[in-house]
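One structure, pasted below without further comment.
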Amino acid sequence: MIIANTVKDVRDVVKEWKRNGLTVGLVPTMGALHEGHASLVTAAAAGCDRVVASVFVNPTQFGEGEDLDSYPRDFERDCGILEERGCHMVFHPSVEEMYPEGYATYVNLESEMTKQLCGKSRPGHFRGVCSVVSKLFNIVDPDRAYFGEKDAQQLAVIKRMVKDMNFDIEIVGCPTVREDDGLAKSSRNSYLNERERAAATVLYRSMERAKAMTKEGVSDASQLLEAMRDVVSSEPLARIDYIEAVDGETLMPKEKLAAGDLVAMAVYIGSTRLIDNFTVGA
Ligand code: PAF
């Protein structure tokens, strides 16, 4: 596996691959890789001739007081996982390589989409995500890019951006990978102590309650959300940031839910903010 630290190195390799008619898949990550990321690399390796993964903790998507400095980093371990899953090149740039002095250009969706759900408590987050993902798209020039469905809002926002900016890239969403007890795999799970780890299953348990209700024919969003809030509130270590029901594409709130709509949540377990979601009818 090639380790590239500069934009030029990535471009030189990708140009050579493309000259040989090979297709390229991109898996953007911030490192601290887990089975969820590994499944994206597996999907990319199955769908493309060559796989590039980026490992870059992107400062522009973290707000003040968020965990930029403490975000888990273990590049050597990440490389082991990437190589094992069939990654051909990892792009591991410095902050200065991505944002050199004088850097001034950002990609921002002028839409209500980024103000919903996580956008309410993380203003500026999606501007940072869209900016860095656009840069990665321009640097790697992939045919396909792979993102996890756990970050459902990120996936919807990136699909919108790709359409709006005419990126000729297929965006592939991959299913959330879960622990045996249902907790969605996340790099931030490593922040949880033993008691918090046990409490964190409350997100999945609340979603299971809501899914069962939709299967019984309940489509009223307020009824479903109330049931989820009841489950989460029964856990003393949990504090709800949001639990909402929205249109799966536009992310605007829905009152009556239909197949394809999204029920999404962010809950603090202690000081760790976890997100999860399910798609109605999936
Ligand atoms: O999902 C993530 O890990 C990040 O938001 C991404 C897409 C790698 C951009 O920094």
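Scope of the values below: all heavy atoms of this structure, side chains included, with no hydrogens, waters or symmetry mates. Start at 1 and go down the list; that is how both ligands and their atoms are numbered.
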Original post:
At a 4.0 Å threshold, what atoms of ligand 1 neighbour a non-hydrogen atom of V132?
Top reply: 9 (C), 10 (O)
**OP:** Note the single closest protein heavy atom to atom 9 (C) of ligand 1, along with its residue, its atom name and the distance in Å.
**Re:**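 I find the closest protein heavy atom is Q61 OE1, 3.3 Å.
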Original post:
Polar-atom distance check: N58 versus ligand 1, any N or O pair below 3.5 Å?
Top reply: no
Original post:
Can we say K8 and E97 salt-bridge, meaning some charged N sits less than 4.0 Å from an Asp/Glu carboxylate O?
Top reply: no
Original post:
How far is atom 7 (C) of ligand 1 from its nearest protein heavy atom, and which residue and atom name does that atom have?
Top reply: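 For this ligand atom, the closest protein heavy atom is Q154 NE2, 3.5 Å.
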**OP:** Taking only heavy atoms of P28 into account, list the atoms of ligand 1 that are under 4.0 Å away from them.
**Re:** 8 (C)
**OP:** Look at the rings of F75 and H92 and say which category their plane angle falls in: under 30° parallel, 30 to 60° tilted, over 60° perpendicular.
**Re:**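 Taking H92 first and then F75, their aromatic rings lie parallel (interplane angle under 30°).
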Subject >> Enumerated ligand 1 atoms positioned under 4.0 Å from heavy atoms of T29 >> reply: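 Listed by number with element: 8 (C).
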Subject >> Over 12 foreign heavy atoms within 6.0 Å of CZ, R195 >> reply: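 Open.
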Original post:
To the nearest 0.1 Å, how far is atom 3 (O) of ligand 1 from its closest protein heavy atom, and which atom is that?
Top reply: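 The answer is M30 CG, 3.6 Å.
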Subject >> Short side-chain donor-acceptor distance under 3.5 Å, T23 and D143 >> reply: no
Original post:
If you measure from the Lys or Arg side-chain nitrogens to the Asp or Glu carboxylate oxygens, is any gap between E208 and K211 under 4.0 Å?
Top reply: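 Counted as a salt bridge, because a side-chain N and a carboxylate O are separated by less than 4.0 Å.
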Original post:
Judged by atom type as modelled, is there a donor-acceptor pair below 3.5 Å linking the side chain of N20 to the main-chain atoms of L22?
Top reply: no
